[in-house]
2 protein chains.
Amino acid sequence: MYVSIKETFPGVKPIANKKAEIRELHSAAIITAAEEVFALKGFKGATTQEIADLAGLPKANVHYYFKTKKDLYNKVLEDVVEVWKKDADAFNQSDDPAIAISNYIRSKMDYSFSKPFGSKVWANEIIHGTPVLGDEKLARFLSIWEKRKTIQLSRWAKQGKILPVDPHYLLFMIWATTQHYADFEHQIRVLNGNKSLSKKQQKAATNTVIEIILRGIGLEPGK
Amino acid sequence: MYVSIKETFPGVKPIANKKAEIRELHSAAIITAAEEVFALKGFKGATTQEIADLAGLPKANVHYYFKTKKDLYNKVLEDVVEVWKKDADAFNQSDDPAIAISNYIRSKMDYSFSKPFGSKVWANEIIHGTPVLGDEKLARFLSIWEKRKTIQLSRWAKQGKILPVDPHYLLFMIWATTQHYADFEHQIRVLNGNKSLSKKQQKAATNTVIEIILRGIGLEPGK
DNA sequence: GCAAATGCTGACCATTTAGTCAATTAATTA
DNA sequence: TAATTAATTGACTAAATGGTCAGCATTTGC
């Protein structure tokens with residue numbers, strides 16, 4: 001028996017009708033499955049059949065919602081970018097560099113630990129030279145994303161709030177390190193005796209990253 | 001007209017005979033081509049045809065030297081690992097942490113800038129959960145590689161030569177940051193106005209990484 | 001209720017591609 | 001030089017897989 005979302009969560013995000021609801025549900029299931037399969041297999045290595053299986057739908061249904069594999073892949077990439085745009089805001093939330101940078105690192109680390117798939121899909125796409133996303137889209141997204149942060153870092157440097165390091169290379173360092181915990185999850189797990197990092201270890205890793213970065217640019221990491 | 005290596009470089013690495021020489025030459029060409037194609041397309045996305053074309057040989061010849069695509073891929077991975085083992089030595093060359101760590105970072109950065117393909121193949125393999133390399137090989141390689149460094153870092157920490165940071169997370173940070181310049185080359189290029197980092201920029205990036213890391217663990221980076 | 005619209009799906013097809021192989025050429029050795 | 005061994009390669013095959021489609025099922029609007 002099918003139970004409507006409207007019934008289950010009355011008043012919460014009411015959806016017009018059953019068809020729209022199913023559409024929402026199934027396309028979301030496909031996207032979620034696709035994110036995982038693309039992350040683990042890459043674009044070429046992923047099969048629509050495997051995505052369909054993981055989503056619990058027949059393959060033809062995947063093609064009903066997304067004309068081509070490429071369309072689906074693009075949708076997954078767009079969603080990843082969307083999340084990262086929000087992270088970026090965290091950076092400009094405080095005028096105290098120690099607080100802003102700590103928060104940014106923490107939020108990126110949390111995301112790497114809890115949802116590593118998106119980062120993996122992104123890494124794949126970049127390593128291969130953005131064959132699907134394309135350079136224009138990449139440039140458009142990255143420049144906005146980066147500019148605000150580098151400007152802020154430059155300002156802090158000019159004000160003497162942080163040491164005068166080149167903001168680009170500092171940013172790369174933060175991105176690289178935080179996303180490493182998502183992209184290289186497997187390597188880290190193997191090095192950790194085939195066990196995923198515990199909550200405690202995740203906290204320790206996050207704090208270590210924050211400490212080294214802050215100290216590295218002349219800030220005293222708060223205990 | 002075929003010119004023997006013996007003729008071209010008399011006395012340099014003399015090879016027994018023409019057949020052995022050709023074997024050396026062609027299999028090297030295939031491996032070099034494969035490294036590039038696997039880096040840019042991933043295992044599944046790479047075709048033996050493309051590798052053959054890049055190596056300037058017919059496809060059937062590739063299969064003559066390497067039975068399967070997987071064999072070839074494994075060979076490429078082994079070569080990457082071999083190079084990294086040498087890097088690891090640089091780390092244990094000095095007892096002064098500032099020197100050892102600087103040298104290690106510098107050597108990894110140089111490698112990322114000059115030969116990014118190997119790192120990309122490795123990143124791909126790890127992101128996908130080492131489907132080809134396998135967990136046992138990965139564990140065997142990584143544990144040796146890591147243990148020596150973490151032991152050294154722990155010793156320095158105990159001796160008060162560096163601040164007491166967890167050596168694992170410090171190492172991850174160094175790996176992540178240095179390899180980022182290889183793996184995310186494309187992203188960096190796009191952010192740099194579609195131009196690869198100049199020698200000057202490469203130097204600046206390397207120095208920034210060294211400065212932040214050293215300062216981050218309580219060392220004064222030498223100017 | 002009933003026609004239209006939307007969603008669903010098994011069966012199918014065209015393409016791509018790893019790997020094979022038999023025939024050919026070139027180098028080596030005795 | 002003749003026999004042996006190694007290298008080469010065009011043509012082929014089998015399997016995998018993205019995408020199609022016709023027919024069926026369900027929901028919706030009137």
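Per chain, numbering begins at 1; letters A, B, ... match sequence-line order. The figures here come from the full heavy-atom set of this structure, side chains too, leaving out hydrogens, waters and symmetry mates.
One interatomic measurement links the two molecules: NZ of A/Lys44 to P of C/dA18, which rounds to 8 Å at whole-angstrom precision. Atom NZ of B/Lys41 and atom C1' of C/dT17 are 14 Å apart (whole Å). Taking atom CD1 of A/Ile22 as the reference point, atom C1' of C/dA5 lies 14 Å away to the nearest angstrom. The interatomic distance linking A/Ile30 (CD1) with D/dG18 (C1') rounds to 15 Å, in whole Å. The distance from atom CG of B/Leu57 to atom C1' of D/dG10 is 15 Å, rounded to the nearest whole Å. The nearest whole Å value for the distance from the CG atom in B/Asn61 to the P atom in C/dA18 is 16 Å. Nucleotide C/dC8 holds its P atom 10 Å from the CG atom of A/Leu25, rounded to whole Å. The nearest whole Å value for the distance from the CZ atom in B/Arg23 to the P atom in C/dA26 is 19 Å.
Nearest to the side-chain atoms of A/Ala60 among the listed nucleotides D/dT20, D/dT5, D/dG10 stands D/dT20. Distances from the side chain of A/His63 to the nucleotides D/dT20, C/dT9, D/dT9 place D/dT20 closest. Taking only side-chain atoms of A/Lys59, from C-beta outward, the nucleotide of C/dT17, D/dT17, D/dG18 with the closest atom is D/dG18. Among the nucleotides D/dT28, D/dT9, C/dA27, the one closest to the side chain of A/Lys18 is D/dT28.
Between B/His26 and B/Tyr65, the ring planes are perpendicular. Angles over 60° get that label, and only those under 30° would be called parallel. Ring geometry for A/Phe91 against A/Tyr104 counts as perpendicular: the plane angle is over 60°, on a 0 to 90° scale with 30° as the lower cut. Ring pair A/Phe172/B/His180 is tilted by interplanar angle, where 30° to 60° counts as tilted. Under the 30°/60° scheme for interplanar angles, the aromatic rings of B/Phe38 and B/Tyr73 are found to stand perpendicular.
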**Study point:** Stepwise ring-ring contact (aromatic ring centres under 6.0 Å, His included) test for B/Trp175 and B/Trp122
**Key:** CA-CA 12 Å; B/Trp175 294 341; B/Trp122 180 262; 9.8 Å; no

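Side-chain contact check for A/Gln93 and A/Asn103: no donor-acceptor pair (N or O, by modelled atom type) lies under 3.5 Å. Looking at B/Thr48 and B/His63, their side chains never bring a donor and an acceptor atom within 3.5 Å of each other.
For the salt bridge (Lys or Arg N to Asp or Glu O under 4.0 Å) condition, the pairs that include at least one residue of residues 46-74 of chain B, sequence neighbours left out, are B/Lys41-B/Glu50.
With sequence neighbours excluded, the residues forming a side chain to side chain donor-acceptor pair (under 3.5 Å) with A/Asp166 are A/His168, listed by chain and number.
On a pure distance criterion of 3.5 Å, a polar donor-acceptor pair joins the side chain of A/Lys19 and the base of D/dT27.
Within residues 64-72 of chain B, the residues that have a heavy atom under 4.0 Å from DNA chain D are, in order of number, B/Tyr64, B/Tyr65. Heavy-atom distances under 4.0 Å link DNA chain D to no residue of residues 122-131 of chain A. Contacts between residues 46-56 of chain B and DNA chain D, defined by a heavy-atom separation under 4.0 Å, are absent.
A/Glu35 places no side-chain N or O within 3.5 Å of a backbone atom of A/Val76 that could act as its donor or acceptor partner. A donor-acceptor pair under 3.5 Å links the side-chain atoms of B/Gln202 to the main chain of B/Leu197, judged by distance alone. Between the side chain of B/Thr150 and the backbone N or O of B/Lys147 there is at least one donor-acceptor pair closer than 3.5 Å.
Here B/Glu185 pairs with B/Lys120 in a salt bridge; the nearest charged N to carboxylate O distance falls below 4.0 Å. Using a 4.0 Å cut-off between charged nitrogen and carboxylate oxygen, A/Arg106 and A/Asp110 do not count as a salt-bridge pair.
In DNA chain D, runs of at least 3 stacked Watson-Crick or G-U pairs (N1-N3 plus N6-O4 or O6-N4, or N1-O2 plus O6-N3, all under 3.5 Å) give these stems: C:1-30 with D:1-30.
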